[in-house]
Amino acid sequence: MPELPEVEVTRQSFADRIDGARVEAVRVGKPLRWPLGVAPAELLGAEVGAASRRGKYIWLPLRRAAGRGIDGGLLLHLGMSGSLSFSSTSAPAGVHDHFDLITSSGVLRLTDPRRFGAVVWSPALDQPPASRLLAALGREPFDPALTGADLHTAWRGKRVSVKQALLAGDVVVGAGNIYACEALFMAGIDPRLPCGRLSRPRCDRLLEAVRAVLRRALEVGGTSLRNFKDAHGDPGAFQFEAKVYGREGQSCTTCGVASGVKIRRVVQGQRSTFFCPVCQRR
DNA sequence: AAGTGGACCTGCTAGC
DNA sequence: TGCTAGCAGGTCCACT
């Protein structure tokens, strides 16, 4: 579920409420992608700080307080199917609830059927294991210093498709399968084009499209394909605005109304890519 | 070195 | 109705 907008919407939906809370208990369910890396008891009594986001990760700082707890933080990732909820009451844990941080302000709960998500303790963001997990991440899409020239430079000479290059997230983070498809549509670029063949102006346009798509998704609370909800339990609405994602065989909203041009689906790097063969050019 | 494919794990849906 | 194949929002790792 979670690409940058979903992660950010989730973060915003609980950050204020958990800030300053005291960790009272920790419940660990089935194993997630990586081990927690700390004995849950070590966290008890720690004070929670302001949750931040880097790429699709959420960093929840913890501080030793009143002689209890441990300095560091939890790095959370929602994987493919994860979501976080924050509620003042602690409902019984369901089969897919694999981590509860029970605090004086409420319970932060990770629900993740496929368990590709993770909750990893780290002594600091810039120390392992967090630093190692974040090391390969590209720039934040809304970093004002990031320009199309950065994409152009990073992709020079590379043969991977621009769609896969976006998904790789080592130049610019945040666009997953849905938003990469949507951004390429908005920019009018064929997703199969080798990224090294993109002209500088098209890199500018692509970055602008990535930003526009992510910004819009943030505005409407992200995409809820199956069951994404923010920590309040509210779903997003971007799925109603997708122009290509999941629309294989349907008419292109831009050119297909009169001409009957249909959205196509191809597989790139074992992921579905949706595009308009007319609007998106090589 | 860059590029490709497999791995992780579970649930849902379309099709027979 | 019941089974199976195929698909799903991510990303790390091993191999060529």
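Naming: A, B, ... by sequence-line order, numbering from 1 per chain.
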ask   = How close or far is atom C1' of C:dG10 from atom CG of A:Leu110, stated in whole angstroms?
value =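 Value for this atom pair: 14 Å.
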
request  = Please state how far atom CD in A:Gln164 lies from atom P in C:dG10, giving the value in whole angstrom units.
outcome  = 14 Å

inquiry  = Once hydrogens and angles are ignored, does a donor-acceptor distance under 3.5 Å link the base of B:dC9 to the side chain of A:Arg114?
reply    = yes

ask   = For A:Tyr57, which contact category applies under a 4.0 Å heavy-atom criterion: base, sugar-phosphate, or nothing?
value = sugar-phosphate

Out of [options], which nucleotide sits closest to the side chain of [X]?
X	options	result
A:Leu225	B:dG5, C:dG9, C:dA8	C:dG9
A:Val160	B:dC8, B:dT4, C:dG9	B:dT4
A:Phe116	B:dT10, C:dT11, B:dC8	B:dC8
A:Gln270	B:dG5, C:dG10, B:dT10	B:dG5
A:Ser272	B:dG11, C:dG9, C:dA8	C:dA8
A:Arg265	C:dC7, C:dG10, B:dG3	C:dC7

Looking only at heavy atoms, which two atoms of [X] and [Y] are closest? And how far apart?
X	Y	answer
A:Leu198	A:His152	O-CD2, 3.2 Å
A:Leu207	A:Thr147	CD2-C, 3.5 Å
A:Cys252	A:Cys279	SG-SG, 3.7 Å

Residues from residues 26-37 of chain A lying under 4.0 Å of DNA chain C - heavy atoms =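 Here the set is A:Arg33, A:Trp34.
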
